[in-house]
Amino acid sequence: MPELPEVETYRRSIEFHLLGETLLDIRVYNPSLRWPFALEIYNLKNQMLLKVKRRGKYLLLAFSKGWIIIHLGMSGNLRISNQSFPKDKHDHVELIMTNSKILRYNDQRRFGAWLWCIDINKTPLLDSLGPEPLSNNFNGNYLFKISRRKYTPIKPWLMDSKIVAGIGNIYANECLFMSRIDPNRLIDNLNLVETIKLADSIKDILLSAIEKHGTTLQNFLQTDGMPGNFNNSLQVYKRDGKPCYICQQPIKREKQRQRSTYWCTNCQI
DNA sequence: CCCGAGGCCTGCGGGC
DNA sequence: TGCCCGCAGGCCTCGG
């Protein structure tokens, strides 16, 4: 579910509320997530939260003995609340902190993960990730270079975390609309002007979605329970059959690799 | 090596 | 009302 902007929204909120607090207790109601809840996390008891980082869609919490790696899968949610807040049946993990606040992990489908590592620079899950889309080493030249002599369609390629980290189905669709590129185009076929336009669109869209605290479709809520505000900015995602905001032609939907792709057949070429 | 389908889960909405 | 099907912000694993 949550893509880079939603995870970044969580990162900022956790940093604001919980950085420097000590982890008093860990409660696990259901350890059977995508992989079993990492038992090493119990060793972090009585340690201070030192850093809150993000890599792609992974949230990284640093303690002196190591890191908690959180991935939210499709339906994972984080909330920061007081003890009095009633528990939901899909609440699976709670971190109880010294300022009497609880970080609570809720995940209806349990595709998410709570893992552990000593060194985030030496962990297989993160090693294989491509560049951060908002960093300087992600740009149109990079996209141009790695797309030569490859013949996969651009849209599923953008969702491959080895190419660029953090882009999922919503933002892949939106970025291609902004750069006016047909999602079915084969990547080798894009010229440098187009890959530059695409990289710039990716940065634009992600930054603006972060500013609006993400997109709420079904499950995503901010740590205070408020929805994200990027929904009104969506140009194509979930708009099949509705008129394109530029040319009024109906937005088309088709599956690519089992995922819905939305685009304007008139504007995107 | 590369690619795509399958599968992990739960819940919702639409058609009959 | 109920059942069945398709659909949903992801991504690892495995087969060809």
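We name chains A, B, ... by the order of the sequence lines, and we start the count at 1 in each one.
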Could you measure between the two [atom1] atoms, the one in [N] and the one in [M], and give it in whole Å?
| N | M | atom1 | result |
| --- | --- | --- | --- |
| dG7(B) | dC5(C) | P | 15 Å |
| dC12(C) | dG11(B) | P | 25 Å |
| dG6(C) | dA5(B) | P | 16 Å |

Taking the six-membered ring for Trp, are the ring centroids of H92(A) and Y29(A) within less than 6.0 Å of each other? no

For DNA chain C, please output the secondary structure as dot-bracket, reading 5' to 3'. Pairs are Watson-Crick or G-U wobble, both atom distances under 3.5 Å; mark crossing pairs with [ ], other-strand partners with |, unpaired with a dot. .|||||||.|||||||

Polar atoms only, N or O, under 3.5 Å: list the protein pairs with nucleotides 12-16 of chain C and their distances.
unit_1	atom_1	unit_2	atom_2	d
dC12(C)	O4'	R34(A)	NH2	2.7

Who passes ring pair (Phe, Tyr, Trp, His ring centres under 6.0 Å) against H213(A), sequence neighbours left out?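 Here no residue qualifies.
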
Close residues, residues 144-155 of chain A, relative to DNA chain C [heavy-atom separation under 4.0 Å]: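 Within this stretch, nothing sits under 4.0 Å of the strand.
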
Heavy atom of residues 227-245 of chain A under 4.0 Å from DNA chain C: which residues?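 When residues 227-245 of chain A is checked for heavy atoms under 4.0 Å from DNA chain C, the hits, listed by number, are Y237(A), K238(A).
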
Sequence-distant partners of [X], side-chain hydrogen bond (donor to acceptor under 3.5 Å, both in side chains), two or more places apart:
| X | answer |
| --- | --- |
| D88(A) | N106(A) |
| K101(A) | H17(A) |
| S260(A) | R253(A) |

Within a reach of under 6.0 Å around CG of D119(A), are more than 12 heavy atoms found that belong to other residues, nucleotides or ligands?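 Enclosed.
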
Within a radius of less than 6.0 Å around NZ of K242(A), do more than 12 heavy atoms belonging to other residues, nucleotides or ligands occur? no

Validation: residues 32-44 of chain A side-chain donor-acceptor distances under 3.5 Å, sequence neighbours left out:
unit_1	atom_1	unit_2	atom_2	d
S32(A)	OG	N30(A)	OD1	3.0
S32(A)	OG	R110(A)	NH1	3.1

Does [N] have its OP1 or OP2 closer than 4.0 Å to a side-chain nitrogen or oxygen of [X]?
| X | N | value |
| --- | --- | --- |
| H71(A) | dC11(C) | yes |
| Y171(A) | dG10(C) | no |
| K255(A) | dG6(C) | no |

Suppose the criterion is salt bridge (Lys or Arg N to Asp or Glu O under 4.0 Å): which pairs have a residue in residues 164-192 of chain A, not counting sequence neighbours? R185(A)-E194(A)

Kindly indicate, with the supporting measurements, whether the criterion salt bridge (Lys or Arg N to Asp or Glu O under 4.0 Å) is fulfilled by K45(A) and D25(A). CA-CA 6 Å; K45(A) 214 165 163 176; D25(A) 203 6; 3.5 Å; yes

Report yes if the side chains of L60(A) and L126(A) come closer than 4.5 Å at any heavy-atom pair, otherwise no. yes

Once ring-ring contact (aromatic ring centres under 6.0 Å, His included) is applied, what residue pairs with a partner in residues 145-189 of chain A remain, sequence neighbours excluded?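 Those involving residues 145-189 of chain A are Y171(A)-F230(A).
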
Grab the N/O contacts between the protein and nucleotides 9-13 of chain B below 3.5 Å, and write none if there aren't any.
unit_1	atom_1	unit_2	atom_2	d
dC9(B)	O3'	R110(A)	NH2	3.0
dC9(B)	O2	R109(A)	NE	2.9
dT10(B)	OP1	R110(A)	NH2	2.8
dT10(B)	O4'	Q108(A)	O	3.4
dT10(B)	O3'	H90(A)	NE2	3.3
dG11(B)	OP1	K89(A)	NZ	2.9
dG11(B)	OP1	H90(A)	NE2	2.9

Centre of Y237(A)'s six-membered ring, under 6.0 Å away, within 45 degrees of the axis: is that where NZ or CZ of R239(A) sits? no

Test salt bridge (Lys or Arg N to Asp or Glu O under 4.0 Å) applied to E8(A) and R11(A), step by step: CA-CA 5 Å; E8(A) 178 62 20; R11(A) 192 201 67 75; 3.2 Å; yes

For Y105(A) versus H71(A), what's the shortest heavy-atom pair and its separation? OH-O, 4.0 Å

For S64(A) and L50(A), which heavy atoms make the closest approach, and how far apart are they? N-CD1, 3.6 Å

